[in-house]
Amino acid sequence: MSIERGHAHGIPDVQTTFNGRLGYACLNTVLRNKKPASEAVFCSRTCRINSIKKNGIDWVKNLGRKNAQDLMEIIEWNERNNIRFMRISSDMFPFASHETYGYSLTYCAPLLAQVGDLAKKYGHRLTVHPGQFTQLGSLREGVVRSSIRELEYHCEMLDLMGIGPDGVMVIHGGGVYGDKKATLERIRKTIRDDLPKNVRNRLVLENDEVSYTAADLLPLCADLDVPLVFDYHHDTLNPSRGLTPAEITEQANAIFRRRGIKPKQHYSEPREGAISIMERRAHSNRCQSLPAGLPDDMDLMIEAKDKEQAVLQLYRIYNLHRDP
DNA sequence: GGAAGTCAAGTCTTA
DNA sequence: TAAGACTTGACTTCC
């Protein structure tokens, strides 16, 4: 990426050659905060297990239906605002992967197909990021089983939407259990031997801020042809030895490309004034800049508390995707 | 309508 | 040992 800064007419003028999509995660602050609250639009309606027991499985499934309907409204909003990339909330279908209370998403197939069609019509990329409970390297078999179920649930959702290879599922390496090398081997084995093909095809690994650096994951990723999502913020907190962000993204994007998937990476900034490690891990409300050395042709997920507003602010700063 | 307490799941770090 | 961080607060109860 090349950046030019000037101050013509006293207005900061920052330009970039970046031409990928900027996206945001899970929640649209404008639609979520609509008043009255009954008009709020969001995809993370959920419940408690007690409520499932009380109200029954169809009631939970109806929450998922509402979430999916609202996702279409969010996509429409994004299109009106020139945003064409977002992460779908893992809460779309509450408890769908639960061992006891789980359920198939086929009841919602027509609606999910509609969502996928809308996304395709607008060239809108949809991805997912299963949670921290997804531990493919756990020493406990039950945890690995639950993790695979969680991946299968996300994959079923994307498959029913008819979303292509760009609809990736991003997870972290997870815990190290006191032996990173042995855990990486377990992760490798689980990916290679235990994941259904459609799940493995969407799987992507991401460096995190405490355990696995990009350098830790790249050999495994290259070997198994599993792309790597590079998170710039995590890398500053937990740096990859011997590799610059530019070198990492080059290698990571090469795996994406040979898999026929558009590269995507993550970007966020720490809160202003954050000093301690805990503070620095937290995401800021907005981002002040795009990362240095950003390749032009990839998508970038902006992880910031202000969600779509952070994306729109970057549009303004860099003069991106402005209407003519 | 708002406040407080609670909620499926895992792991690690810091206070 | 408890709290807080992570991809994301939302639900439930009580006032």
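Every chain is numbered from 1, with letters handed out A, B, ... down the list of sequences.
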### Query
Quick one: is C/dA10 close enough that its OP1 or OP2 comes under 4.0 Å of any side-chain N or O from A/R32?
yes

#### Entry: Under 3.5 Å on both distances, the Watson-Crick or G-U partner of B/dA4
C/dT12

### Task
Write down the partner of B/dA9 under the Watson-Crick or G-U wobble criteria, each distance required to be under 3.5 Å.
none

### Query
Phosphate oxygens OP1/OP2 of B/dT11: is one of them under 4.0 Å from a side-chain N or O of A/Y177?
yes

### Query
Are any of the side-chain nitrogens in A/R149 or A/E152 under 4.0 Å away from the carboxylate oxygens of its partner?
no

### Task
Would you indicate what A/K35 reaches in the nucleic acid, counting non-hydrogen atoms under 4.0 angstrom: base, sugar-phosphate, or nothing?
nothing

### Task
State whether the number of non-hydrogen atoms from other residues, nucleotides or ligands found under 6.0 Å of A/K189 atom NZ is greater than 12.
no

### Query
At under 4.0 Å, does any side-chain N or O of A/T46 touch on OP1 or OP2 of C/dG9?
no

### Message
Mind checking if A/E209 touches a base, just sugar-phosphate, or nothing, with heavy atoms under 4.0 Å?
### Response
sugar-phosphate

### Task
Would you indicate whether the side-chain heavy atoms of A/I83 and A/R21 approach each other to under 4.5 Å?
no

### Query
Which of these nucleotides, B/dG10, C/dC6, B/dA8, is closest to any side-chain atom of A/F133?
B/dG10

### Query
For the side chain of A/R48 and the base of C/dA10, is some donor closer than 3.5 Å to an acceptor across the two?
yes

### Task
Assess whether one donor atom and one acceptor atom, taken from the side chain of A/R87 and the base of C/dT8, lie less than 3.5 Å apart.
no

### Query
According to a strict under-4.0 Å criterion, is A/R145 in side-chain N/O contact with OP1 or OP2 of B/dA9?
no

### Options B/dG10, C/dT8, C/dC11, nucleotide nearest the side-chain atoms of A/R45
C/dC11

### Query
Checking A/Y212 side chain against A/L205 main chain: does a donor-acceptor pair fall under 3.5 Å?
no

### Query
Is there a Watson-Crick or G-U wobble partner for C/dT1 with both distances under 3.5 Å, and if so, which one is it?
B/dA15

